[in-house]
Amino acid sequence: MSVVDWLKNTFDAVTGRHQEFEELMKKKDINRIRSLMTDNSVQVAKAIKEYDVNQHEVMFRPDKAVFGAKDPITGARQFLRWDKKWKIPIPYQVYINEIALVFLYGRPLKWSQLTTDTDKAFDAFKDFLEDKHFNSQIREAKRLAGAETQSAMLFHVFQNEEGKADCLIKVLAKSKGDEILFRKDQYGRLKAFAWGYYLTESGRTVYHWIFIRKTQFCIVNVP
């Protein structure tokens, strides 16, 4: 097989997968879309368990049964009591995560204005970050990512009651009830993102999926 043919076949395969994903997005085929995306839920659940000291193996040590001396005739030992075993979990993960957080975001991020005649825009940008509590949001995202191996910051842009553009920042993580899926191309660039979450609607719990791919936006409800 020539290099040209190999490149052509590779391009066709990539294009086919791309087309398949687009068609599934249009059809809102949740299960098949999820199969084409990266799901780290197993690793995240394991990390959460290791991060929570109450779930460490040492916390499940059984109590020790204490018996008296052997009976000289029967050889049996009389049960006396149960002794509690020491259970001292060591939160290494929590300590390391907090130290890393201090190194990265112990102080607010410092933004630099590298362009000229943009004072008004730069001031508006800084006001936006302060109004949306960006520094506390990114610290929360880093803390959760360090504990669970992944988190996400979702920027929801909308039109407020005054008719002006506005934005909400929401930190997503498994421990907060969010399910995070993503899809990257062969160069590691993010191509699609999915967020799963529960909402209570009309007295019943409904599971929602939001799939985002570039300018596309798709919401699917799962009763």
Side-chain angles (χ1 to χ4, degrees), residues 30-31 33-66 82-112 128-156 167-200 205-213 222:
I30 301 174
N31 293 330
I33 292 174
R34 291 185 59 179
S35 69
L36 296 176
M37 304 185 78
T38 300
D39 182 0
N40 293 326
S41 58
V42 175
Q43 298 92 316
V44 171
K46 181 180 178 182
I48 292 176
K49 183 177 180 180
E50 292 177 353
Y51 197 77
D52 183 3
V53 294
N54 292 317
Q55 298 188 52
H56 286 189
E57 291 185 8
V58 69
M59 301 301 294
F60 301 98
R61 294 178 65 190
D63 296 335
K64 181 180 180 180
V66 179
W82 289 100
D83 273 2
K84 294 286 185 181
K85 285 189 176 180
W86 289 103
K87 301 174 183 178
I88 308 177
I90 303 176
Y92 284 127
Q93 294 91 336
V94 179
Y95 176 76
I96 294 172
N97 192 30
E98 291 300 317
I99 292 297
L101 179 62
V102 169
F103 272 106
L104 286 173
Y105 301 117
R107 293 182 179 179
L109 291 174
K110 183 178 180 180
W111 302 89
S112 300
F128 165 79
L129 295 179
E130 183 177 357
D131 180 61
K132 303 307 174 185
H133 307 287
F134 177 82
N135 290 317
S136 62
Q137 297 273 28
I138 199 169
R139 282 196 296 269
E140 181 185 4
K142 170 59 188 77
R143 178 179 283 110
L144 289 168
E148 306 178 21
T149 71
Q150 74 174 15
S151 67
M153 292 180 68
L154 183 65
F155 292 77
H156 173 51
C167 178
L168 289 176
I169 303 176
K170 180 175 176 60
V171 178
L172 311 179
K174 182 69 174 179
S175 61
K176 300 178 68 175
D178 304 307
E179 190 166 357
I180 301 172
L181 304 178
F182 59 89
R183 177 178 170 86
K184 295 183 178 181
D185 64 12
Q186 64 269 37
Y187 302 107
R189 296 174 298 193
L190 185 66
K191 304 294 291 183
F193 176 81
W195 170 33
Y197 59 97
Y198 285 99
L199 281 182
T200 301
T205 301
V206 180
Y207 196 70
H208 292 257
W209 272 106
I210 293 182
F211 296 94
I212 303 173
R213 190 185 188 285
V222 183

Which value, rounded to the nearest 0.5 Å, describes the distance between [X] atom [atom1] and [Y] atom [atom2]?
X    : Y    : atom1 : atom2 : answer
Q150 : D178 : CD    : CG    : 10.5 Å
Y51  : I96  : OH    : CD1   : 10.0 Å
E148 : S41  : CD    : OG    : 12.0 Å
R183 : I212 : CZ    : CD1   : 15.5 Å
I48  : Q43  : CD1   : CD    : 11.5 Å
L101 : I138 : CG    : CD1   : 10.0 Å

Residue list, side chain to side chain contact (heavy atoms under 4.5 Å, CB included) with V66, at least two apart or on another chain: L80, R81, D83

Partner set under side chain to side chain contact (heavy atoms under 4.5 Å, CB included) for A141, not counting sequence neighbours: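 Once residues adjacent in sequence are excluded, the partners of A141 under the side chain to side chain contact (heavy atoms under 4.5 Å, CB included) criterion are S151, M153, V171.
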
Partner set under ring pair (Phe, Tyr, Trp, His ring centres under 6.0 Å) for Y198, not counting sequence neighbours: Y207

Looking at [X] and [Y], what are the two nearest heavy atoms and their distance?
X    : Y    : answer
L190 : K184 : CA-CG, 4.0 Å
F128 : C167 : CE1-CB, 3.7 Å
F134 : L109 : CE2-CD1, 3.8 Å
K176 : L144 : CD-CD1, 3.9 Å

Pair listing, salt bridge (charged side-chain N to carboxylate O under 4.0 Å, His left out) test, anchored in residues 36-53, at least two apart: R34-D39

Residue pair I90, Y95: steps toward the side-chain contact (heavy atoms from CB on, under 4.5 Å) verdict: CA-CA 9 Å; I90 303 176; Y95 176 76; over 6 Å; no

Can you list everything that forms a salt bridge (Lys or Arg N to Asp or Glu O under 4.0 Å) with [X]? Sequence neighbours excluded, please.
X    : result
K170 : none
D131 : none
R189 : D185
K132 : D166

Should the heavy atoms of other residues, nucleotides or ligands under 6.0 Å from [atom1] of [X] be counted, would the total exceed 12?
X    : atom1 : value
F155 : CZ    : yes
Y92  : OH    : no
E130 : CD    : no

Side chain to side chain donor-acceptor pair (under 3.5 Å) partners for K142, two or more places apart: N97

K64: side chain to side chain donor-acceptor pair (under 3.5 Å) partners, not counting sequence neighbours: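 Expected list: none.
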
Verdict with supporting geometry, H133 and E140, side-chain contact (heavy atoms from CB on, under 4.5 Å): CA-CA 11 Å; H133 307 287; E140 181 185 4; over 6 Å; no

Residue pairs passing the side-chain hydrogen bond (donor to acceptor under 3.5 Å, both in side chains) test where at least one lies in residues 98-111, sequence neighbours excluded: E98-R143

Pairs involving residues 172-196, ordered by first then second residue, that meet ring-ring contact (aromatic ring centres under 6.0 Å, His included) (sequence neighbours left out):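 Sorted result for residues 172-196: W195-Y197.
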
K174 vs I180 side-chain heavy atoms within contact, under 4.5 Å: no

